Amino acid sequence: MMTTTNTTVFKRMGRILSLVFSDYNEARAFRSSFIRLVTYIVLFIIGYRLNLVFDNVPDGRIFDGYAMAALFCGLSVLSGFMNNMICIGGCLTMLIFIVIKLAISMVIGIIALPISVAYNLYNIAKAGAVLVKSSF
């Protein structure tokens with residue numbers, strides 16, 4: 001039920017953006033970049049508020065927020081490579097696979113998060129330039 005509602009909201013957002021942008025690909029790039037940035041911000045705030053890992057470290061809340069956003073970024077990067085991978089085995093094998101995937105995605109996400117944020121900000125700025133150019 002929730003997936004249908006979210007899909008409907010995204011379709012409506014796409015229709016509105018297609019009225020604003022002249023090209024469908026521009027609207028799609030803007031929407032995906034905007035949603036990714038909002039997701040990173042929300043995950044950073046959740047990690048900052050929870051303060052799970054770096055409780056005794058000064059400025060540990062910032063590290064927790066960055067780690068939460070980096071985990072999502074790493075999972076999204078890693079799922080492009082390992083999305084269709086089949087792991088044959090029992091529950092213990094799947095648990096080990098998930099733990100290894102989370103650890104690798106954390107390492108990848110720590111490196112890829114600033115690059116992803118910069119790329120998404122570039123896409124939003126480029127879409128803003130297209131809007132300004134088309135409005136005049």
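Along the sequence shown, residues are numbered consecutively beginning with 1. As the structure is a prediction and not an experimental result, all values here were calculated from the model. These numbers come from the heavy atoms of this one structure, side chains and all, not from hydrogens, waters or symmetry mates.
- Rounding to the nearest 0.5 Å places CG of N120 at 11.0 Å from CZ of F30.
- In the hydrophobic clustering of this structure, I111 does not group with V117; members are Ile, Leu, Val, Met, Phe, Trp, Tyr whose side-chain heavy atoms approach within less than 4.5 Å, directly or through other members.
- Tracing side-chain contacts under 4.5 Å through hydrophobic residues (I, L, V, M, F, W, Y), one reaches L50 starting from L102; they form part of the same cluster.
- A29 and S32 get closest at one heavy-atom pair: O-OG, 3.1 Å.
- A donor-acceptor pair shorter than 3.5 Å cannot be found between the side chains of Y122 and S33.
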Scan the side chains in residues 68-78 for donor-acceptor partners under 3.5 Å anywhere in the protein, sequence neighbours excluded, and list what turns up.
{"unit_1": "S76", "atom_1": "OG", "unit_2": "R36", "atom_2": "NH1", "d": "3.3"}
{"unit_1": "S76", "atom_1": "OG", "unit_2": "F72", "atom_2": "O", "d": "3.3"}
{"unit_1": "S76", "atom_1": "OG", "unit_2": "C73", "atom_2": "O", "d": "2.8"}

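- The structure places CD1 of I100 at 10.0 Å from CG of L95, a figure rounded to the nearest 0.5 Å.
- Side-chain N or O atoms of Y66 include one that pairs as donor or acceptor with a backbone N or O of I110 at under 3.5 Å.
- In this structure, the separation between CG on L113 and CD1 on I108 is 13.0 Å, given to the nearest 0.5 Å.
- Here the CZ atom belonging to F34 is positioned 11.5 Å from the CG atom belonging to L121, to the nearest 0.5 angstrom.
- The two residues D64 and L52 make their nearest non-hydrogen contact at OD2-N, 3.1 Å.
- The cluster map of Ile, Leu, Val, Met, Phe, Trp and Tyr, joined by side-chain heavy atoms under 4.5 Å apart, puts I115 and I35 in different clusters.
- Contacts of I45 classified as side chain to side chain contact (heavy atoms under 4.5 Å, CB included), with partners at least two apart in sequence or in another chain: I41, R49.
- Note: F44 and Y48 have parallel aromatic rings, judged against thresholds of 30 and 60 degrees for the angle between ring planes.
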